[in-house]
Amino acid sequence: MDCAGRAEAAAEQLQLYRRDPDGWRGCRSTGEVAVSWRPSAEFAGNLYKGEGVLPASPQKVWECIKPVAGGLRTKWDQNVKDFEVIEAISDTVSICRTTTPSACMRIISPREFVDVVMMKQYEDGTMLSAATNVEHPLCPPQPNFVRGFNYPCGCFCIPIPGEPDRTELLTFFQTDLGGYLPQTVVDSFFPSSISGFYSNLTKVVKALKA
């Protein structure tokens, strides 16, 4: 299994999602984010897109979301309980395990996800974190967690020309939560989860600036 190739393919897939305006349907809008969705081509669920502008430089936003061991995300993201690097394949590609707490008044029990994650920077300064599910011998399914699966997903931190203290954040979430969950629970969880992600991230980048 070529993990680096899988990660590169996920990054390319995210660029395709970014450029493709077709079929998106709005499902939630707050002062911080507009969330839309369309059916996933990867699994029998939905692909969600979040679009918002954060009041901080791309570097500050990236500092808060970059997928590294001991990073800030476990401190502010209510949907990330723990994040660990299982194997570093290169400076920019790693196999990671993420665990999530229970959600939706405990209807959704704790989950674990094993992904190959790639970090990438483009010529215009945009930074990307891309991930997709993978199996790894050092990370068999753990008791007390339901194994979920991420399909190509990630975050683009996009500089805004002439506005160094503002960042466009474009996110794609495409997750099979696993287990036996009513579709109505899944469909209500993701839009509220994404708006919470943007709200909490906005608070933490403002605190970093202070």
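These values consider heavy atoms only, across backbone and side chains, with no hydrogens, waters or symmetry-generated copies.
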Point to revise | Step-by-step side-chain hydrogen bond (donor to acceptor under 3.5 Å, both in side chains) determination, Ser36 to Arg25 | key: CA-CA 5 Å; Ser36 51; Arg25 286 173 251 181; over 6 Å; no
Check your understanding: Are Arg18 and Phe156 in a cation-pi contact, defined as NZ or CZ under 6.0 Å from the six-membered ring centre and within 45° of the axis?
Key -> yes
Mark yes or no for whether [X], through its side chain, and [Y], through its backbone, hold a donor-acceptor pair below 3.5 Å.
X	Y	answer
Ser188	Thr184	yes
Glu168	Gly52	no
Ser29	Ala34	no
Glu84	Asp82	no

Atom pair [atom1]/[atom2] of [X] and [Y] - distance to nearest 0.5 Å:
X	Y	atom1	atom2	value
Phe189	Leu177	CZ	CG	6.0 Å
Ile194	Lys49	CD1	NZ	11.5 Å
Ser129	Arg73	OG	CZ	7.0 Å
Ser102	Lys81	OG	NZ	8.0 Å
Ser94	Met118	OG	CE	10.0 Å
Cys64	Gln59	SG	CD	12.0 Å

Review point. Mind checking whether Trp24 and Tyr48 have ring centres under 6.0 Å apart?
Key: no
Exercise for review: Test Leu170 against Cys155 for side-chain contact (heavy atoms from CB on, under 4.5 Å), laying out the working first.
Suggested key: CA-CA 6 Å; Leu170 180 63; Cys155 305; over 6 Å; no
Practice item. Could you verify whether a donor N or O on one side chain and an acceptor N or O on the other, from Thr100 and Asn79, lie under 3.5 Å apart? Key: no
Check your understanding: How about Gln174 and Tyr17: does a side-chain donor come under 3.5 Å of a side-chain acceptor?
Key -> yes
Exercise for review: From the options Leu128, Leu169, Thr126, Thr167, select the one residue that forms a side chain to side chain contact (heavy atoms under 4.5 Å, CB included) with Ile158.
Suggested key: Thr126
Practice item. Just do the side-chain hydrogen bond (donor to acceptor under 3.5 Å, both in side chains) check on Ser109 and Arg111 with the steps written out, would you? Key: CA-CA 6 Å; Ser109 56; Arg111 265 32 185 189; 2.8 Å; yes
Exercise for review: Start with the C-alpha gap between Asp115 and Asn133, add the side-chain angles, then the distance that decides, and say whether side-chain hydrogen bond (donor to acceptor under 3.5 Å, both in side chains) holds.
Suggested key: CA-CA 4 Å; Asp115 299 294; Asn133 71 81; 5.9 Å; no
Check your understanding: How far apart are the C-alpha atoms of Tyr151 and Phe172, what are their side-chain angles, what is the distance that settles it, and do they pass the side-chain contact (heavy atoms from CB on, under 4.5 Å) test?
Key -> CA-CA 10 Å; Tyr151 292 87; Phe172 293 97; over 6 Å; no
Review point. So Ile65 and Leu201, side-chain contact (heavy atoms from CB on, under 4.5 Å) or not? Walk me through it.
Key: CA-CA 8 Å; Ile65 65 173; Leu201 180 53; 3.8 Å; yes
Practice item. Please tell me if the side chains of Ile86 and Cys96 come closer than 4.5 Å, counting only heavy atoms from C-beta onward. Key: no
Exercise for review: For Asp124, look at atom CG and say whether over 12 heavy atoms of other residues, nucleotides or ligands are found less than 6.0 Å away.
Suggested key: yes
Review point. Between Val33 and Trp37, is there a shared hydrophobic cluster once you connect ILVMFWY residues whose side-chain heavy atoms come closer than 4.5 Å?
Key: yes
Point to revise | Hydrophobic cluster membership, Phe197 vs Val53, 4.5 Å side-chain cutoff | key: no
Review point. Below 4.0 angstrom, N of the basic side chain to O of the carboxylate: do Arg38 and Asp20 qualify?
Key: yes
Review point. So Thr92 and Lys120, side-chain contact (heavy atoms from CB on, under 4.5 Å) or not? Walk me through it.
Key: CA-CA 7 Å; Thr92 58; Lys120 200 163 184 165; over 6 Å; no
